[in-house]
Trainee: 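Pasting a structure here, questions to come.
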Amino acid sequence: MENENVQDLGSLQDMDGRTDESQDVKPDAASLDAPEDAASQAEAPADGQMTEVPGKRTAGERFAGYFTATRIAYIAVFTALSYVLGLLDFSILPAVPFLKVDFSNTFVMIAGFSLGPVAGTIVAVLKELLHAITFGQTAFVGELANILLVLPYMLIPAIAYRRHKGIKVVIVTLILGCIAQCIVCIPVNYLLNFPAYLMAFTGCTWREGMDYFLDLWYFALAFNAIKTALVSVATLIVYKPLSRLIKLTAARFDKIKAKREKNRKASK
């Protein structure tokens, strides 16, 4: 199973501004990626005692191990929060009023940092799927474009954060994620977003929508730069208090699960 420590972004720097990457970080009970049954892990055997080598886990066991009750609960919460924030959108560039800023990706980023890139991807897909079902008017094409845009922005810092903790790494990778989304936004808006929106709301052809984007591509680029910058700032502000809550509730889930497992074994 993965072994990710859910820690505050700023708590991993020492007095010299260096991260604790060189130190051995031991998983605690509050880690979302700690073993599900930390209390029942086998202790080191005495000298001369035979030990059994655990077999390789199956795909089903890995799946069950990753999607713990704690992780599923937080994925559901972050998806709901992302969906609600996605409804509170607003335009910032009059030339492209249908490109609207919202802060729904803030919780996609938080899911990526605290639960891992897989969970972040699931939140990004689920919140767009909910939007497509309830308010979507582009046959999921617009929501698909949003997924393609947010994935490089979220995956770059989320994957880097798994191995390299520290606020400096987070800031640098967030900037790289912003740049990646700005690059990806050109083909995505040209091939999907602009044509789908204009076909749905103005009745123009797909080709006309692509031609319209070529006249306004720089506005789309500016929009994505502004949006990712705002979401990055919001993520840095919100993550620290949320990470504390995640660790506290994860520790409680681990204690309850360990107690149930202990009672189950005692009843055998």
Trainee: Roughly how far, to the nearest 0.5 Å, is CG of Leu149 from CD1 of Ile183?
Mentor: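 Answer rounded to 0.5 Å: 12.5 Å.
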Trainee: Go through Leu174 and Leu236 one step at a time and tell me if the side-chain contact (heavy atoms from CB on, under 4.5 Å) criterion holds.
Mentor: CA-CA 10 Å; Leu174 278 175; Leu236 291 173; 4.0 Å; yes
Trainee: Are Asp102 and Leu88 close enough, and set up right, to give a side-chain contact (heavy atoms from CB on, under 4.5 Å), and what steps lead you there?
Mentor: CA-CA 6 Å; Asp102 64 75; Leu88 307 176; over 6 Å; no
Trainee: Looking only at atom types and distance, does a side-chain atom of Tyr153 sit under 3.5 Å from a main-chain N or O of Thr228, one as donor and one as acceptor?
Mentor: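 Judged by distance alone, yes, a pair lies under 3.5 Å.
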Trainee: Under 30°, 30 to 60°, or over 60°: which ring-plane class applies to Phe98 and Tyr212, parallel, tilted or perpendicular?
Mentor: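 Phe98 and Tyr212: tilted rings.
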Trainee: Which label fits Phe213 and Phe194: parallel for a plane angle under 30°, tilted from 30 to 60°, or perpendicular past 60°?
Mentor: perpendicular
Trainee: Of all heavy-atom pairs between Glu143 and Gly136, which one has the smallest distance, and what is that distance?
Mentor: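 Nearest heavy atoms, Glu143 then Gly136: OE2-CA, 3.6 Å.
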Trainee: Is Val77 reachable from Leu126 through a run of I, L, V, M, F, W or Y residues, each pair having side-chain heavy atoms under 4.5 Å apart?
Mentor: yes
Trainee: Quick check for you: to the nearest 0.5 Å, what is the distance between Gln137 atom CD and Met199 atom CE?
Mentor: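 One gets 15.0 Å once the value is rounded to the nearest 0.5 Å.
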Trainee: Could you report the tightest heavy-atom contact between Ile186 and Trp217, atom names first, then the distance?
Mentor: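 So the minimum-distance heavy-atom pair works out to CD1-CE3, 4.2 Å.
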Trainee: Got a second to check how far Leu99's CG is from Ile226's CD1, nearest 0.5 Å?
Mentor: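 These two atoms lie 11.0 Å from each other.
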Trainee: So if you build clusters from Ile, Leu, Val, Met, Phe, Trp, Tyr with side-chain heavy-atom gaps below 4.5 Å, do Ile92 and Tyr197 land together?
Mentor: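 Yes; Tyr197 is reachable from Ile92 via cluster members.
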Trainee: Tell me the closest heavy-atom pair linking Pro117 and Met154, and the distance in Å.
Mentor: O-CE, 3.7 Å
Trainee: Nearest 0.5 Å, please: how far is NE2 in His131 from CG in Asp89?
Mentor: 7.0 Å
Trainee: Let me see the working for Val238 and Phe103 under side-chain contact (heavy atoms from CB on, under 4.5 Å), right down to the final yes or no.
Mentor: CA-CA 12 Å; Val238 174; Phe103 289 92; over 6 Å; no
Trainee: Would you give the length of the straight line joining atom OG1 of Thr205 to atom CE of Met210, rounded to the nearest 0.5 angstrom?
Mentor: 10.0 Å
Trainee: Within a strict 4.5 Å, meaning less than it, do heavy atoms of the Thr106 and Tyr239 side chains meet?
Mentor: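 They are not in contact (no side-chain heavy atoms under 4.5 Å apart), so the answer is no.
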Trainee: Report whether Phe90 and Val96 are members of the same hydrophobic cluster (ILVMFWY, side-chain heavy atoms less than 4.5 Å apart, transitive linking).
Mentor: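 They do share one cluster, since a chain of ILVMFWY contacts under 4.5 Å joins Phe90 to Val96.
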Trainee: Given the rule that I, L, V, M, F, W and Y join up when any side-chain heavy atoms are under 4.5 Å apart, are Leu155 and Val108 in one cluster?
Mentor: yes
Trainee: Could you see if Leu214 belongs to whatever hydrophobic cluster contains Val184? Use Ile, Leu, Val, Met, Phe, Trp, Tyr and a side-chain cutoff under 4.5 Å.
Mentor: yes
Trainee: Counting C-beta onward and ignoring hydrogens, is there a side-chain heavy-atom pair between Pro157 and Leu176 closer than 4.5 Å?
Mentor: no
Trainee: How far apart are the closest heavy atoms of Ala158 and Gly112, and which atoms are they?
Mentor: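 Of all heavy-atom pairs spanning Ala158 and Gly112, the closest is CB-O, 3.6 Å.
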Trainee: Show the nearest heavy-atom pair for residues Ile147 and Ala124, with the distance to one decimal.
Mentor: CG1-O, 4.1 Å
Trainee: Working to the nearest 0.5 angstrom, can you tell me the gap between Cys182 SG and Phe223 CZ?
Mentor: 10.5 Å
Trainee: Side chains of Leu192 and Leu148, heavy atoms from C-beta outward: is any pair under 4.5 Å?
Mentor: yes
Trainee: Ignoring hydrogens, what is the shortest heavy-atom contact between Gln181 and Val150? Give both atom names and the distance.
Mentor: OE1-CA, 4.1 Å
Trainee: Any heavy-atom pair between the side chains of Glu128 and Leu144 that's under 4.5 Å?
Mentor: no
Trainee: Does Lys165 count as lying over the ring of Tyr161, i.e. NZ or CZ under 6.0 Å from the six-ring centre, within 45 degrees of the axis?
Mentor: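 The answer is yes, since Lys165 meets both limits relative to Tyr161.
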Trainee: Could you give me the CA-CA distance, side-chain angles and deciding distance for Thr173 and His164, then say whether side-chain contact (heavy atoms from CB on, under 4.5 Å) is met?
Mentor: CA-CA 10 Å; Thr173 53; His164 305 285; over 6 Å; no
